[in-house]
Each structure stands twice: as C-alpha cells, then as structure tokens.
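These notes are about the structure you will find just below.
The model shown is predicted, which means the values in this text are computed figures rather than measured ones. Just so it is clear, the values below take in all heavy atoms, side chains as well, and ignore hydrogens, waters and symmetry mates.
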Amino acid sequence: MASCSHSSLGLNNLLLSCSGFRNKPSLSNSNATLSLLSYSPKLPVFTTSHTHSHSISIRASSSSSSSPTTLVEPEGIKINSVSTRPIEGQKTGTSGLRKKVKVFMQENYLANWIQALFNSLPLEDYKNGLLVLGGDGRYFNREASQIIIKIAAGNGVGKILVGKDGIMSTPAVSAVIRKQKANGGFIMSASHNPGGPEYDWGIKFNYSSGQPAPESITDKIYGNTLSISEIKVADIPDVDLSSLGVTKYGNFSVEVVDPVSDYLELMEIVFDFPLIKSLISRPDFRFVFDAMHAVTGAYAKPIFVDKLGATLDSISNGVPLEDFGHGHPDPNLTYAKDLVDIMYGENGPDFGAASDGDGDRNMILGKGFFVTPSDSVAIIAANAQEAIPYFQSGPKGLARSMPTSGALDRVAEKLNLPFFEVPTGWKFFGNLMDAEKLSVCGEESFGSGSDHIREKDGIWAVLAWLSIIAHRNKDKKPGEKLVSVSDVVKAHWATYGRNFFSRYDYEECESEGANKMIEYLRDLISKSKAADKYGSYSLQFADDFTYTDPVDGSVASKQGVRFVFKDGSRIIFRLSGTGSGRCNS
C-alpha cells in the first residue's frame with residue numbers, strides 16, 4: 001500500500017513523503033530556491049574566517065534622555081536600570097527568536113528580548129539560580145554572550161555556566177542543564193541557517209529538564225516585549241570566555257567550562273563505546289564525518305578520534321568558524337554535497353555522516369546510499385533495544401513530527417509501542433518524554449533523538465547508527481563481507497515495508513507571499529470533501545493540523561496544511577518556524 005507523506009518545514013520547503021508517489025508536484029516561485037533531492041549546487045571553497053572587533057552596548061532608548069539609574073548594589077555589583085522601548089517583531093518561532101544578524105545588532109534588540117524573558121519567568125525559576133549559556137560559534141555570539149551575562153546578573157541570577165569561547169552544542173546545553181540541575185539555559189544559534197554579518201542569528205531558552213520553553217512562556221515573552229520599558233544590567237566588565245575557570249563579582253559568578261565533557265560522559269552511558277570502537281578500528285571499515293565548520297567540530301575529535309579510534313583525517317571541516325566557512329551548515333544532499341560526492345565516489349567510505357550549525361541535526365550515508373531522515377529514525381527505533389544499552393528494556397514509545405513519513409508508525413505498530421504524531425518543534429516531544437511516554441522520536445528535517453536529553457541530537461544519531469552497524473558485524477571475522485548501511489536499510493524495508501519521502505525547501509521567500517499561499521491552501525481545504533480526485537489519488541481528508549497534548553491538554557493549531565489520500569499518501573505544506581523566509585512542502 002502506498003504511503004505518502006508530503007510535508008513542509010516552511011513555506012520555502014515542499015515535502016513529499018510517500019510510498020509509490022509517481023508524479024512529484026511542482027511549484028513555481030521566482031524567489032524560491034529548490035533544494036533537497038533536486039538541486040545540488042557546489043559549495044564555495046571553505047576559507048578561514050577573519051576575526052572582527054566591534055562593541056555592542058546596552059544603552060538608554062533614544063526616546064529618553066535620562067541616564068541609567070542605579071537600582072541596587074548587592075555585594076559590590078552595581079545594577080543599572082536602562083530605559084528602553086518596545087521593538088516590533090520579537091515573536092518566537094518553533095525554536096526561539098531568529099532574525100538577521102543586523103537586526104539583533106540594533107540598539108537593545110537582544111537586550112529587550114532577554115529582559116522580557118526574565119520578566120516572564122517566576123522568580124524561583126532564576127533568582128540566585130544556575131543558568132547555562134552556549135552557542136554554535138556563529139558571528140555575534142561573543143558579543144551576545146556578554147549582553148546575556150550582564151542582564152542575567154542584573155536580574156539576580158546566581159551563576160552562569162558558559163562553554164569555552166561561548167561554544168556549546170544545542171544537545172550539550174540540554175545535557176548540561178540536566179546533569180548540573182540548572183534552572184535553564186540560553187542557546188545562541190540559528191541552527192542550520194548560514195552565519196556571518198549578512199546572515200542569521202538566533203536565541204532561545206530551555207527549561208530545567210533541558211527542553212525548549214513551552215508556548216505558554218514564549219507567548220509571555222512576546223507579550224512583555226510589547227510593553228518593556230527598562231533593562232536591568234549589572235555594571236561588570238566583559239568576562240574572559242577563552243579560559244576555563246570561575247570569575248566572581250560579589251554574589252554572582254561565571255564559570256567557563258569544557259563544552260564537551262558532560263555531553264561525552266552521557267554518550268558513554270547511552271552507548272557501548274567499546275563495541276563502536278571495535279567497528280571503527282577495523283581495517284576493512286572506513287568512516288568519515290563532516291562537521292561543516294560548525295559546532296560539532298568541537299566534539300568530533302574528542303568523541304570519534306580520541307575515544308573511538310577514528311583517524312584524524314576522517315573528520316572534515318572540523319574547525320568551527322563564525323561564518324561556517326562561507327557554507328550553509330544544513331546536513332542534506334544539497335549543502336553537504338562535498339560529503340555526498342565522497343560517499344558516492346569510486347571506492348567511497350563505508351559510513352558517512354554530517355551535522356548542522358548547532359549540532360542537533362544529522363545526515364546518514366552509506367557507500368553510494370542515502371538514508372532519508374524518516375527511515376533513519378525508524379531504523380534506530382527498530383534496532384534500539386538490541387544495539388544500544390540505554391534501550392535494553394525497550395523503548396517506552398515512539399513519536400514523529402506530522403510532516404515526517406509514516407515509516408516510524410510501522411515500527412510502533414509491529415513492536416506494539418505507543419505512538420504519537422506531533423507538530424514540528426522539539427518542545428512537543430519534551431512533554432511526552434517527561435511523562436515517560438516517549439523514548440525515540442524524529443523529524444523529517446534531519447532531526448532525531450531520544451529521552452537522554454530534551455533536544456534532537458546529531459552526534460547521538462551518528463553513534464546510534466554506528467552502534468547498529470557494529471552490532472550487525474560484531475561476529476564478522478577479518479576478510480568477511482560486512483553488513484553495510486544499505487544492507488541494514490533494505491532489511492528494514494523487507495520487514496516493515498517502505499515509505500517514500502521527498503521534501504522541497506523554498507528559501508528566502510517574502511513572508512507576505514508565503515502567507516498568502518497558505519491562506520489559499522486553507523481556503524482550498526475548507527472546500528474539500530472526501531473522495532475528491534487529485535489525478536489518480538482519492539482524498540480521504542484535508543485539514544490544517546491541530547494537536548492536543550495528551551499530557552497537559554494544551555492545543556497547538558495551524559501546524560501545517562495536509563492532504564491525506566485513501567492509500568495513505570500525503571501532501572503537506574507548512575511555513576518554517578526556524579528560518580528567515582523559508583517554506584517547506
């Protein structure tokens with residue numbers, strides 16, 4: 001039976017996930033860039049980024065002539081009240097606030113949002129508490145780190161744990177929050193979007209279990225950005241983030257930490273590192289990892305080389321750069337084409353993987369073989385209990401984002417596991433995990449993860465796949481043919497059936513046109529009825545996806561327009577919540 005799931009991560013993306021979908025629909029958009037699976041431009045040559053120097057200050061709004069007012073001086077720290085005024089456009093998307101760098105560099109733009117966050121949290125969630133700070137190393141992170149630290153101190157936070165040089169992957173921030181029992185943490189990232197003075201920057205807040213802040217909080221933040229009038233700022237010097245150690249200012253302290261250690265410790269608990277090492281160290285197995293000059297470059301050598309025995313030359317683009325080496329750190333067939341060319345080349349390696357800007361996405365490749373994100377999470381779930389020690393008692397449940405193909409549904413059904421379909425956005429998985437209803441989950445946007453943390457996790461996915469391959473080959477003697485990535489995938493299809501899936505991303509779209517397209521589609525579904533014909537496909541239903549959280553009863557509406565056909569095929573359109581001007585389908 002054909003099962004097609006067409007979904008979009010943004011109005012710049014068109015996503016088709018299906019079994020037996022013969023004719024791919026086309027969209028014409030003069031401002032759109034067709035990416036995944038159909039367009040693969042050469043990446044520019046990677047070059048080392050130049051350093052930059054400029055200061056970002058928090059100052060009284062130009063609408064007020066008053067100077068900052070000293071509020072208190074607790075134990076030697078002077079706290080100033082800086083007048084400000086609301087700035088439009090600070091409503092968060094599915095994963096925080098993302099804009100062009102130049103927008104965030106406007107007077108008090110970032111400071112307003114950070115202060116609005118503190119205004120939205122109960123005092124007990126941060127007063128004298130511990131917060132984590134990290135980011136993907138992109139342009140503006142260093143300046144932003146100082147702004148966040150000073151406003152946190154001004155609002156009574158007790159301590160900030162920050163990654164060395166402000167670097168810490170999104171999964172690692174979640175892991176550190178959980179291990180250190182922090183009240184929450186800031187993540188400075190625009191994920192898979194390009195970095196540099198002309199490109200993107202972003203900020204989000206994760207709560208005490210390491211999960212992205214729920215909509216109840218992000219809605220409050222937005223509300224407070226509309227009425228903000230003052231920013232509380234500690235009058236302290238910039239903190240040196242280049243050296244490990246603790247800096248104290250009265251009863252406030254900043255500790256610069258190794259961004260890898262806590263995360264690596266967790267990975268060694270989740271996975272059987274000696275088993276993975278036995279695979280990677282085989283002379284007949286070749287492994288490559290493309291860090292895309294993004295944050296996982298800081299993790300690749302300590303994990304894959306130092307711990308698991310990979311050769312240093314197996315890591316490419318392993319130095320994090322502020323502009324990602326002029327590349328687009330999105331691990332897919334378009335932007336990781338250098339890796340794709342290696343894996344599809346003559347005598348290609350046995351296993352290849354890439355991760356994105358902030359380390360939460362992944363792409364898995366075998367020799368001449370691409371694993372779709374929808375298949376990847378399904379295969380991890382199907383093999384988790386036997387190949388990964390963390391799941392030795394079996395997964396509690398499985399879940400996917402609505403646009404993701406139905407491959408994971410088939411695994412849940414066959415293994416008799418609870419299954420959930422949620423909107424795009426990892427926060428929707430977090431509630432299920434905290435309620436112990438969910439273990440393994442994924443999104444079609446190259447994101448997969450489990451309840452070891454409360455974020456999707458690129459390196460976790462790579463280690464999961466290496467665990468599966470290692471488990472399948474643990475009894476293979478030298479010279480015997482190894483079970484390959486393609487062998488694992490084809491065996492999965494033979495057991496569970498196959499779901500075909502395609503996704504199209506339309507980037508740099510104007511918001512007005514994208515919104516008009518979605519409104520047109522909503523009007524179309526309001527007039528649709530069962531048995532309507534779309535070529536040879538018969539409609540079962542069409543709707544704008546609405547999700548009711550089974551844990552807290554909260555409702556998320558308008559989460560993607562979907563056309564579901566009687567054979568299980570789907571076509572899905574949605575506006576991206578993680579990029580500036582992107583649409584998926």
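Looking only at distances, a side-chain donor or acceptor of Asp552 sits under 3.5 Å from a matching main-chain atom of Ser554. The backbone N or O of Asp544 sits nowhere less than 3.5 Å from a side-chain atom of Arg522 that would complete a donor-acceptor pair. Distance alone, capped at 3.5 Å, places no donor-acceptor pair between the Arg400 side chain and the Glu421 backbone. Judged purely by atom type and a 3.5 angstrom limit, Lys99 uses its side chain to pair as donor or acceptor with the backbone of Gly89. Although no hydrogens or angles enter the test, the distance criterion places no donor-acceptor pair under 3.5 Å between the side chain of Arg138 and the main chain of Ala294. In this structure, the side chain of Asp323 does not engage the main chain of Gly195 through any donor-acceptor pair within 3.5 Å. Using modelled atom types, no side-chain atom of Ser445 and backbone atom of Gly447 make a donor-acceptor pair closer than 3.5 Å. Remark: the backbone N or O of Gly442 is not paired with any side-chain donor or acceptor of Ser448 at under 3.5 angstrom.
With sequence neighbours excluded, no residue forms a salt bridge (charged side-chain N to carboxylate O under 4.0 Å, His left out) with Lys437. Applying the side-chain contact (heavy atoms from CB on, under 4.5 Å) criterion to Ser145, with sequence neighbours excluded, gives Leu133, Met188, Leu241.
Side chain to side chain, Gln90 and Asn112 fail the donor-acceptor criterion of an N or O pair below 3.5 Å. Under 3.5 Å, the side chains of Ser191 and Asn193 contain no donor-acceptor pair of N or O atoms. Side-chain contact annotation: Glu444 with Ser405, donor-acceptor N/O pair under 3.5 Å absent. Defined by atom type and a distance below 3.5 Å, a donor-acceptor pair is missing between the side-chain atoms of Asn332 and His192. No hydrogens or angles considered: a donor-acceptor pair under 3.5 Å links the side chains of Asn431 and Asp549.
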Where do Asn362 and Trp460 land on the side-chain hydrogen bond (donor to acceptor under 3.5 Å, both in side chains) test, with the steps shown first? CA-CA 9 Å; Asn362 73 93; Trp460 172 90; over 6 Å; no

So Asn224 and Gln115, side-chain hydrogen bond (donor to acceptor under 3.5 Å, both in side chains) or not? Walk me through it. CA-CA 9 Å; Asn224 281 318; Gln115 183 61 58; over 6 Å; no

For Asp360 and Thr170, what are the C-alpha separation, side-chain angles and deciding distance, and is it a side-chain hydrogen bond (donor to acceptor under 3.5 Å, both in side chains)? CA-CA 6 Å; Asp360 63 355; Thr170 291; 4.9 Å; no

In sequence, state the C-alpha distance, the side-chain angles, and the governing distance for Asp200 and Lys100, and then conclude on side chain to side chain contact (heavy atoms under 4.5 Å, CB included). CA-CA 4 Å; Asp200 297 351; Lys100 297 298 182 185; 3.0 Å; yes

Salt bridge (charged side-chain N to carboxylate O under 4.0 Å, His left out) between Glu519 and Lys516, worked out: CA-CA 5 Å; Glu519 287 307 315; Lys516 282 182 179 179; over 6 Å; no

Derivation of the side chain to side chain contact (heavy atoms under 4.5 Å, CB included) call for Thr225 and Trp113: CA-CA 6 Å; Thr225 66; Trp113 193 88; 4.2 Å; yes

For Glu443 and Phe429, run side chain to side chain contact (heavy atoms under 4.5 Å, CB included): C-alpha distance rounded to whole Å, both residues' side-chain angles, the deciding distance at 0.1 Å, then the answer. CA-CA 10 Å; Glu443 297 177 337; Phe429 294 128; 4.0 Å; yes

Take Met105 and Glu143 through the test side chain to side chain contact (heavy atoms under 4.5 Å, CB included) and record every step on the way to the result. CA-CA 9 Å; Met105 293 176 69; Glu143 295 85 354; over 6 Å; no

What's the verdict on salt bridge (charged side-chain N to carboxylate O under 4.0 Å, His left out) for Asp543 and Arg562, showing C-alpha distance, side-chain angles and the deciding distance? CA-CA 6 Å; Asp543 67 0; Arg562 57 181 181 170; 2.7 Å; yes

Step-by-step salt bridge (charged side-chain N to carboxylate O under 4.0 Å, His left out) determination, Lys150 to Asp238: CA-CA 8 Å; Lys150 291 172 184 179; Asp238 286 355; 2.6 Å; yes

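In this structure, Lys91 places its NZ atom where more than 12 heavy-atom neighbours from other residues, nucleotides or ligands lie under 6.0 Å away. Residue Glu88 places its CD atom among 12 or fewer non-hydrogen atoms of other residues, nucleotides or ligands, all under 6.0 Å distant.
Within the model, atoms CD1 of Ile87 and CZ of Arg85 stand 8.0 Å from one another, a figure rounded to the nearest 0.5 Å. Rounding to the nearest 0.5 Å places OH of Tyr199 at 12.0 Å from CZ of Phe324.
At a threshold of 4.5 Å between non-hydrogen side-chain atoms, the residues Val422 and Leu432 count as touching. Taking 4.5 Å as the limit, every side-chain heavy atom of Asp457 sits out of range of all side-chain heavy atoms of Trp426.
Between Tyr335 and His328, the ring planes are parallel. Angles under 30° get that label, and only those over 60° would be called perpendicular. Below 30°, between 30° and 60°, or above 60°: for Phe205 and Tyr207 the angle between ring planes is above 60°, a perpendicular geometry.
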